[in-house]
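Values below: all heavy atoms of this structure, side chains included; hydrogens, waters and symmetry mates excluded. Throughout, residue positions are numbered sequentially from 1 according to the sequence presented.
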Amino acid sequence: MDKYIIIAPKGRGRFSNRLDELRLTLGDYLAAERAEGRRLQLSKVFLSDAQNQYAELIASSLHRDILSTAACSVVEQPPLDDSKATLLVKTTDRPDDFILHSIRLSEEETRGANSYIQTMLIFNKYLDSIHQMGLTLREHCVRTWIYVADIDVNYEGMVRARNDIFRNQGLTPETHFIASTGIGGFSQTRSASVAIDFLTFPGVKESDKKYLQALDHLNHTHEYGVSFERGTRLDQGDQQTFFISGTASIDKHGKAMYVGDIERQTARLLENIGALLKDGGATMNDVRYFYVYLRDPSDRDIVEAFLSKAYPDIPHVLLQGKVCRPEWLVEMECVAQKSK
């Protein structure tokens, strides 16, 4: 079984000192994991200020000696524990079965290009890459994370581009879409309005996937003009992995619930996640971690207290990431796993 852990530095000194602390903590952790037959397979780095931190991170021994040896994504979504840099780390005793395409555009590519054009550029880069391997978006891409800078302004252009790409690639409401989170976030490129991570499984067949629904809790996304799956279950040998998309406090008609009430919105979105997992035969006890995105950082204490009480054994990281609708104060995603 795969193992996930969230690591944040405890020190509050210089950024370089925090990277050194992360390197030591992660190094010790991975040494213990190797003794158990597991190795680093995937990491995600959440930065508080990519413009000032990205180059230093990439040049650090943390990245050079550890993170770069496996799949790694870096995004600016400030951790709300004031850590400046927080890691999600996945270790495994299984062979690699996925490819992470973490696509970031350059200043030259983004200059003068709106969010629609930038999204098209990124998807076309991804499509060129997987087509060279004989893979397709429709069958082999299982999960995406789409980071949208100034999301209140740029989200619409991203959605239109994704809809156009999916239509051209044969993804429709009658076939399926892809589990996804579209959330506020920034890359290291100052003029970039969009960055995307793609999780691709070259060996997957359509019969290995189940698209999760909970129509008594959430409606189909295409009913309000967007194109992603609420969640996808992937069957791999004796293991099932559940990729739950960014989920908010909505009802079965897609209407926001408990507007202005952060605690009740948190409870409702967790209820929605539980309903999606149930459709695939899992429960909240199978969840391995939560990403928690808050529109307003000042809500962190309320959400932290709620999660610590409701799910004390599930790792989570609270991040500043604006959700695509202003009335949604909080959004969460997760991965769950269980044996067949």
Evaluation steps, side chain to side chain donor-acceptor pair (under 3.5 Å), between Asp2 and Thr92: CA-CA 5 Å; Asp2 302 332; Thr92 189; 2.6 Å; yes
Test item: Glu327 side-chain N/O and Ala256 main-chain N/O as donor-acceptor pair under 3.5 Å: no
Going by distance alone, is a donor N or O of one side chain under 3.5 Å from an acceptor N or O of the other, for His316 and Glu304? yes
Spell out, as yes or no, whether a donor-acceptor pair under 3.5 Å connects the side chain of Gln320 to the backbone of Pro79. no
Arg23 versus Ser61, side-chain donor and acceptor atoms under 3.5 Å: yes
I'd like to know if Arg14 pairs up with Glu56 as an ion pair, taking the criterion as any Lys NZ or Arg NE/NH1/NH2 lying under 4.0 Å from an Asp or Glu carboxylate oxygen. no
Could you list all the salt bridge (charged side-chain N to carboxylate O under 4.0 Å, His left out) pairs where at least one residue sits in residues 80-89, not counting sequence neighbours? Asp82-Arg300
Would the number of heavy atoms belonging to other residues, nucleotides or ligands and lying under 6.0 Å from NZ of Lys205 be above 12? no
Without hydrogens or angle criteria, can the side chains of Gln41 and Asp96 be said to hold a donor-acceptor pair below 3.5 Å? yes
Under 3.5 Å side-chain donor-acceptor pair for Asp197 and Ser73: yes
Please check if atom NZ in Lys210 has more than 12 non-hydrogen atoms from other residues, nucleotides or ligands closer than 6.0 Å. yes
Lys125/Asp128 salt bridge by N-O under 4.0 Å criterion: no
Distance under 6.0 Å and angle within 45° of the ring axis: does Arg325 meet both against Tyr224? yes
Between Ser48 (side chain only) and Pro78 (backbone N and O only), is there a donor and an acceptor less than 3.5 Å apart? no
For residues Val226 and Phe177, determine if any side-chain heavy atom of one lies less than 4.5 Å from a side-chain heavy atom of the other. no
Distance alone, cut at 3.5 Å: any donor-acceptor contact between the side chains of Arg230 and Asn219? yes
Could you walk me through whether Arg94 and Gln239 satisfy the side chain to side chain contact (heavy atoms under 4.5 Å, CB included) test, starting with their C-alpha distance in whole Å, then the side-chain angles of each, then the deciding distance to 0.1 Å, before giving a yes or no? CA-CA 11 Å; Arg94 296 168 177 263; Gln239 179 176 281; 3.3 Å; yes
Tell me yes or no: between the side chains of Glu139 and Thr136, is some donor less than 3.5 Å from an acceptor? no
Pair Tyr211-His176, side-chain donor/acceptor within less than 3.5 Å: yes
Using modelled atom types only, decide if a donor and an acceptor are shared between the side chain of Lys338 and the backbone of Gly281 within a distance under 3.5 Å. yes
Could you tell me whether Arg268 and Glu271 have a side-chain N and a carboxylate O separated by less than 4.0 Å? yes
Can a donor-acceptor pair be found, under 3.5 Å and without considering hydrogens, that links the side chain of Gln240 to the backbone of Lys340? no
Under 3.5 Å, is there a donor-acceptor pair between the Thr189 and Glu107 side chains? no
Judged by atom type as modelled, is there a donor-acceptor pair below 3.5 Å linking the side chain of Thr69 to the main-chain atoms of Ile66? yes
With a 4.0 Å cut-off, would you call Lys209 and Glu229 a salt bridge? no
Could you list all the salt bridge (charged side-chain N to carboxylate O under 4.0 Å, His left out) pairs where at least one residue sits in residues 172-193, not counting sequence neighbours? none
Donor-acceptor pair between Ser191 and Thr110 side chains, under 3.5 angstrom: yes
With a sphere of 6.0 Å drawn around CD of Glu206, does it hold more than 12 non-hydrogen atoms of other residues, nucleotides or ligands? yes
Tell me if a side-chain donor or acceptor on Asn124 pairs with a main-chain N or O of Leu121 at a distance below 3.5 Å. no
With a 3.5 Å distance limit and no angle check, can you tell me whether Asn154 reaches the backbone of Val194 through a side-chain donor-acceptor pair? no
Step through the shown structure and confirm whether more than 12 heavy atoms of other residues, nucleotides or ligands are within 6.0 Å of CD on Glu156. no
Taking atom types as modelled, is there a side-chain donor on Thr181 or Arg143 under 3.5 Å from an acceptor on the other? yes
Would you call the rings of Phe98 and Phe201 parallel, tilted or perpendicular if under 30° counts as parallel and over 60° as perpendicular? tilted
Report yes or no: does Arg288 contribute a side-chain atom to a donor-acceptor pair with the main-chain N or O of Lys3 at less than 3.5 Å? no
Side chains of Asn163 and Ser227 only: does a donor on one sit below 3.5 Å from an acceptor on the other? yes
So does Tyr293 get a backbone contact from the side chain of Glu331, meaning a donor-acceptor N/O pair under 3.5 Å? no
With the threshold set at 4.0 Å, does a side-chain nitrogen-carboxylate oxygen contact exist between Asp279 and Arg233? no
